[in-house]
Number of protein chains: 2
Amino acid sequence: MTIGRTLDSDPIEEARRQWIERGWESAADGMAAVTSIVRAQQIVLQRIDTALRPFDLTFARYEILTLLSFTKRGSLPMTRMGALLQVHPTSVTSAVDRLESQGLVERLPHPTDRRAVLASITDTGRARALAATAALNGQVFEQLGITEHQINQLRTVLRALRANAGDF
Amino acid sequence: MTIGRTLDSDPIEEARRQWIERGWESAADGMAAVTSIVRAQQIVLQRIDTALRPFDLTFARYEILTLLSFTKRGSLPMTRMGALLQVHPTSVTSAVDRLESQGLVERLPHPTDRRAVLASITDTGRARALAATAALNGQVFEQLGITEHQINQLRTVLRALRANAGDF
DNA sequence: TCCGGAAGGATTGATATCCTAATATCTGTC
DNA sequence: GACAGATATTAGGATATCAATCCTTCCGGA
């Protein structure tokens, strides 16, 4: 004997039931999965922003800084960063603008191609990237609240989705 | 005998290797999972935006419209929508602003609480929501490019993550 | 060889969205 | 009747995208 209003108050499951009720069964699970992805991203991004706030960084700028710190010379052409991080050229420009004004990155002319610009990480930038990574590791990446097994399922499934979308 | 640069060109796996190389093993899988979520959201949101463009809707506005079409009276207080869709009050205000200017929703005074405002879907709004859902179902939700089993794994794991974050 | 157009790289400006903070109004309770 | 809390909005800052622009490089044909 169940009550009309189920105890399950997950809004995504509720939406899925609505989908089935309206005859959209073949899309219901996909809808629920997509909505879950969107919501999960909101959750993790909010945690990331909170962890990064003391360092005056957004996730986009953090990614750029960390990418640069991983390279041999500490510098990359703007376009190459956009390609690696999958962001638009204009976003790279504005993010580097801000990083430059913060003294974490500087723009250098490309040695051989006068069209291109190198973004180069400064010593301050390296230190900031390290400290921010420590915060993210401790406050976000090690605290997802799901099991190691689930984390690996997530990686595997989303890797398939990304591959299918032509990401790599 | 392997070459220095592995054939696996997935940037997220590459980042994970860097994490391990630097001694952040305990955070490496979580980092990869989080980055995968962020990237997967970019991918599906881009597809959603493409599918919704002919209807002059963003995903946020589509969600509001569909939520309203699911209610008995076709109307809800602003705050209630924000709570159900997990978006900030200001986002609800601006989204309803736009929906109202498009003639898809109208603002009505709350019958008993003069503080509150009801957003009410119009007939045009209902028709738009239906057409947009058909497009999303066919072009996105049924075309994720992963197996039904993987879709359900995704739902389950992300449900755990959301529950753990206090979502429901 | 040279020259002219196609393509690449980066930026700017315009637009839309989201978030934070502050504000105005209203409700309900002590 | 005063005051804490709820509801919605406005204003401002940050970010992402799109289109257009400027400069540079590349390449094929005269």
Side-chain angles (χ1 to χ4, degrees), chain A residues 38-39 41-65 75-102 105-120, chain B residues 38-39 41-50 52-53 55-65 75-102 105-120:
Chain A
V38 172
R39 178 61 191 148
Q41 191 259 8
Q42 288 176 350
I43 290 170
V44 298
L45 210 57
Q46 184 169 337
R47 288 191 199 165
I48 288 172
D49 283 340
T50 301
L52 289 181
R53 182 154 310 136
F55 305 99
D56 225 334
L57 290 175
T58 62
F59 190 50
R61 298 207 298 273
Y62 166 78
E63 278 190 300
I64 287 180
L65 217 48
S75 64
L76 282 175
M78 307 280 282
T79 303
R80 179 119 183 80
M81 292 197 295
L84 289 173
L85 299 176
Q86 326 252 22
V87 299
H88 281 246
T90 56
S91 301
V92 177
T93 294
S94 67
V96 170
D97 279 352
R98 181 154 289 268
L99 287 169
E100 196 171 25
S101 77
Q102 291 176 290
V105 152
E106 53 186 359
R107 280 182 164 88
L108 299 178
H110 191 288
T112 64
D113 187 339
R114 270 190 295 174
R115 293 171 301 182
V117 174
L118 292 182
S120 175
Chain B
V38 172
R39 179 60 191 149
Q41 191 260 8
Q42 288 177 350
I43 290 170
V44 298
L45 210 57
Q46 184 169 336
R47 288 190 199 166
I48 288 172
D49 284 340
T50 301
L52 289 181
R53 183 153 309 138
F55 305 100
D56 224 334
L57 290 175
T58 63
F59 190 50
R61 297 206 300 273
Y62 166 79
E63 277 190 301
I64 288 181
L65 218 49
S75 64
L76 282 176
M78 308 279 281
T79 303
R80 180 118 183 80
M81 292 197 296
L84 290 173
L85 299 176
Q86 326 254 21
V87 300
H88 281 247
T90 56
S91 302
V92 177
T93 294
S94 67
V96 170
D97 278 352
R98 182 156 287 268
L99 287 168
E100 196 171 23
S101 77
Q102 291 177 289
V105 151
E106 53 185 2
R107 279 182 165 89
L108 300 177
H110 191 288
T112 64
D113 188 337
R114 271 189 295 176
R115 291 171 302 184
V117 173
L118 292 183
S120 174

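Distance A:Leu52 CG to C:dC19 P: 16 Å, rounded to the nearest Å. Residue B:Leu76 contributes atom CG, which lies 15 Å from atom C1' of D:dT7 at whole-angstrom precision. Per the geometry, CD belonging to B:Gln41 stands 12 Å off C1' belonging to D:dA16, to the nearest Å. For the pair A:Gln86 CD and D:dT17 P, the computed distance is 12 Å after rounding to whole Å. If you take CD1 of B:Ile48 and P of C:dT17, they are 15 Å apart, rounded to a whole angstrom. In this structure, B:His88 atom NE2 and D:dT7 atom C1' are separated by 16 Å, rounded to whole Å. Across the protein-nucleic acid pair, A:Asp49 atom CG and D:dA14 atom P stand 14 Å apart, rounded to whole Å.
Side-chain proximity of A:Thr58 to the nucleotides D:dT9, D:dT15, D:dT24 is greatest for D:dT15. Minimum atom distance to the side chain of A:Met78 is reached by C:dT11, of the listed D:dG5, D:dA16, C:dT11. Of the candidate nucleotides C:dC19, C:dA7, C:dT27, C:dA7 has the atom lying nearest to any side-chain atom of A:Arg115. Side-chain atoms of A:Asp113 lie closest to D:dT25 of the nucleotides D:dA16, D:dT25, C:dT17.
Counting heavy atoms from C-beta outward, B:Leu76 and B:Ile64 have side chains that stay 4.5 Å or more apart.
Atoms OG1 and CZ, from A:Thr93 and A:Arg107 in turn, are 6.0 Å apart once rounded to the nearest 0.5 Å. The OG atom of B:Ser91 sits 12.5 Å away from atom CZ of B:Arg61, with the distance rounded to the nearest 0.5 Å. In this structure, CD in A:Gln102 is found 5.0 Å from CG in A:Asp56, a value given to the nearest 0.5 Å. Taken to the nearest 0.5 Å, the CZ atom of B:Phe59 stands 4.5 Å off from the CD1 atom of B:Ile48.
Under 4.0 angstrom from either OP1 or OP2 of C:dT27 there lies at least one side-chain N or O belonging to B:Arg114. Considering only side-chain N and O atoms, A:Arg53 lies nowhere under 4.0 angstrom from the phosphate OP1 or OP2 of D:dA14. Residue A:Arg80 places no side-chain N or O under 4.0 Å from the OP1 or OP2 atom of C:dG9.
For the side chain to side chain contact (heavy atoms under 4.5 Å, CB included) criterion with A:Arg47, the lone passing option out of A:Leu45, A:Ile43, A:Thr50 is A:Ile43.
Nucleotides of DNA chain C nearest to A:Gln42 and A:Pro77 differ in position, and the one nearer the 5' end is that of A:Pro77.
The heavy-atom pair separating A:Ala119 from A:Met81 by the smallest distance is CB-CE, 3.7 Å.
The stretch residues 89-96 of chain B touches DNA chain C through B:Thr90, B:Ser91, each having a heavy atom within less than 4.0 Å of the strand.
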